[in-house]
Number of protein chains: 2
Amino acid sequence: MAAKLADVAKHAGVSTATASRVLNNRMVMPISVATMDRIKRAARDLDYRPNPMARALLTGRTHALGLFSREMGDPHFVQLLEAAEAEALQLGYHLVVSSSQEAVGGPGRVDGLLVFGAPEQQVRARRPDGFPVITVNSTLDPERDTIGWSDAEGMYSAVRHLAELGHRRIAGLFCYGEEPHADTPKLVGFRRAVEQYGVEWRPYWRGRDPFEVQQTNQFDNGYLAAQDLLSDWRGFTGIVARNDYIALGALRALREAGKSVPGEVSVVGYNDSILATCADPPLTSIRTPIAVAGAMAVQLLVQALSGGSVEHGCTMLPVSLTVRGSTARPGSSEG
Amino acid sequence: MAAKLADVAKHAGVSTATASRVLNNRMVMPISVATMDRIKRAARDLDYRPNPMARALLTGRTHALGLFSREMGDPHFVQLLEAAEAEALQLGYHLVVSSSQEAVGGPGRVDGLLVFGAPEQQVRARRPDGFPVITVNSTLDPERDTIGWSDAEGMYSAVRHLAELGHRRIAGLFCYGEEPHADTPKLVGFRRAVEQYGVEWRPYWRGRDPFEVQQTNQFDNGYLAAQDLLSDWRGFTGIVARNDYIALGALRALREAGKSVPGEVSVVGYNDSILATCADPPLTSIRTPIAVAGAMAVQLLVQALSGGSVEHGCTMLPVSLTVRGSTARPGSSEG
DNA sequence: TTGTAAGCGTTATCAC
DNA sequence: GTGATAACGCTTACAA
């Protein structure tokens, strides 16, 4: 059985109150150096570790943060996890992960909640009033505590990059549920850019709801969608994909069709994942600030917990374009 | 303020004892249906949720499991996380992740610990006696509770695959710290296979400790190591890589050197990650049962918690070979 | 300077 | 059938 505070106190010949005060540095009134030493020594000797549950019960603080994501298993999510965990560790908090919003726990189990990738409305609605929730997301709700970036801006940059290279006919590879008239951020940004730059465009997609598809399916869908594109539209010179998986699928379809990249066709991916680095040719891709957002979200949450309730609002981090070898001026070689 | 048991009890006009019994289905003695209904109704009306900390303090059970890994951020780890989380959810447990063994918590914070990828000795040594720890790992210790697979077997299969295709000269792409005489499981398996099949072999590596390198560095190291290989050994026809990142780096070096895959050189990766699927050509790779192991580890841990302490020992799961387009008989085409 | 005692929200052991 | 009441291990007024 682990040593408890009473053991330490007895060992040091003091009361639990004094022991507690010393061990927590809560010395409202001065304590003699001698007893301090005795207590600290006893704690060390007995390998005393305060029971987190007892402490939590009393203080109402678990020192744990929940992290909820429907996309656990996505390499993109793991970047958030890594950053958030490191930050939480730094600040003395634990991270409880869950793919179920109900199960991740609320007050009593965790002190605050980090939500990744779920529509904010759904989250807030199910939470007790006042429970600190911050969402890391690409769909910002200015009314709520959100930190993230704009996928509209990301897609806009992707199209702009191609347009500025001189591409006039650009295909968009999306997902089911992202028909051209849809209002997802990525489509909004896409449409805004093609309109503004006056380029011709067509959307393609295969497969099902983005949340339900496996990564390998995304790759396959990209492959199939690109095949559709190849047999449907002869004049296109640029492709913008919803994510890197889809872009890599397209890369394969293009290679099989004998189209050179970036000679005949330029391709832009999204997320700037490890896939983009490893692709052949290396993929120009949109980099989202997911790791930074994860760390900031933890900071904000902890800050809110310390200082009562800090109304944070909505922080928007910049999205950037990583240019690699899959994009070039149209017809730049062998085209 | 959230409703507590006392509120429910008062609302239903009973004592907390009765309320507790009904709400937990712990009815040693029969309880009148009428009061049962009243209590359940009160609980629903007040949206009563038992305080996990109070319960934990009393029962000594947190219903949380710790998951410790130094490789958080690795897409390979995320497969374990996903499977373990799903299983934990299923069994009513929470998952606390941490990249620090100290911080993930022990008794009082979590009921048991899942350790991924760390040498078992280091783990057990730092844990209080009797605290349930199970390691998911590739380096099995028959003395301890371990579940995993043999990377020696995996590497052996990779070499065997090439040897059976007829390759007689095989290069191994490893990491710094895995010099040919090292005793890491992968090298042991590699050496055993090349000896048994009588094939000529040479090891190559670049970079630093495997635990410290980023994924993109692994890719770069694979690229550089393959370049070393290309300028060093003319007669090789097969490559076995320590992981898929390295294999993809090698693929790039081979392409740049004008070597066709699998026509002139066959390449085998390790982990069968998404990279293997998306590579061009698709990568033959060794698939480890990491997801299954993660789920089983959670099951075992929970089982041990329920039934006192189940001595499990050491379970070894089979490793398999996924054959894709990067391997063929030597000189099978244009070679 | 230090000790006493109340209480955090449960569950469990008795008594009624 | 049901209700007091004592824990669980800790923090913190308040008392001494």
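Keep in mind that what you see is a predicted model, and the values were worked out from it rather than measured. So you know, we letter chains A, B, ... as the sequences are listed, proteins then strands, and number each from 1.
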Ring geometry between A:Y93 and A:H63 (parallel below 30°, tilted from 30 to 60°, perpendicular above 60°): parallel
Nearest-neighbour nucleotide for the B:S15 side chain, C:dA5, D:dA4, D:dC10 considered: D:dA4
Distance in Å, A:L23 CG paired with A:T16 OG1, rounded so as to fall on 0.5 Å steps: 11.5 Å
Sugar-phosphate, base or nothing in reach of B:S32, heavy atoms under 4.0 Å: sugar-phosphate
D:dT11 OP1/OP2 closer than 4.0 Å to side-chain N/O of A:R55: yes
Distance, rounded to the nearest Å, where B:L23 contributes CG and C:dT10 contributes P: 9 Å
Value in whole Å for how far the C1' atom of D:dT11 lies from CG of A:N25: 15 Å
First of B:A54 and B:A17 reached from the 5' end of DNA chain C, by closest nucleotide: B:A54
Along DNA chain D (nearest heavy atom to each residue), the more 5'-positioned of A:N24 and B:A19: B:A19
Exam field: side chain B:T35 to backbone B:S32, donor-acceptor pair closer than 3.5 Å: yes
Under 3.5 Å donor-acceptor pair, A:R49 side-chain atoms to D:dG9 base atoms: no
Whole-Å gap separating P (D:dC10) and NE2 (A:H63): 15 Å
Spacing between A:M53 atom CE and C:dT11 atom P, to the nearest angstrom: 15 Å
Under-4.0 Å side-chain N/O to phosphate OP1/OP2 contact, A:T18 with C:dT2: no
Nearest listed nucleotide, side chain of B:L58, among D:dT11, C:dC14, C:dG9: C:dG9
Nearest heavy-atom neighbours spanning A:A103 and A:S98: CB-OG, 3.9 Å
Integer-rounded Å distance: D:dC14 P and A:R21 CZ: 13 Å
Whole angstrom value for the distance that separates C1' of C:dT1 from CD1 of A:I39: 11 Å
A:T16 side chain near D:dG9 phosphate (N/O to OP1/OP2, under 4.0 Å): no
5′-ward residue of the pair B:V33/B:T59 relative to DNA chain D: B:V33
Presence of A:S20 side-chain N/O under 4.0 Å of D:dT11 phosphate oxygens OP1/OP2: yes
Nucleotide C:dT10, atom P - distance to CG of A:N51 in whole Å: 17 Å
Donor-acceptor under 3.5 Å (A:E85 side chain, B:S99 main chain): yes
Spacing between A:L5 atom CG and D:dC8 atom P, to the nearest angstrom: 14 Å
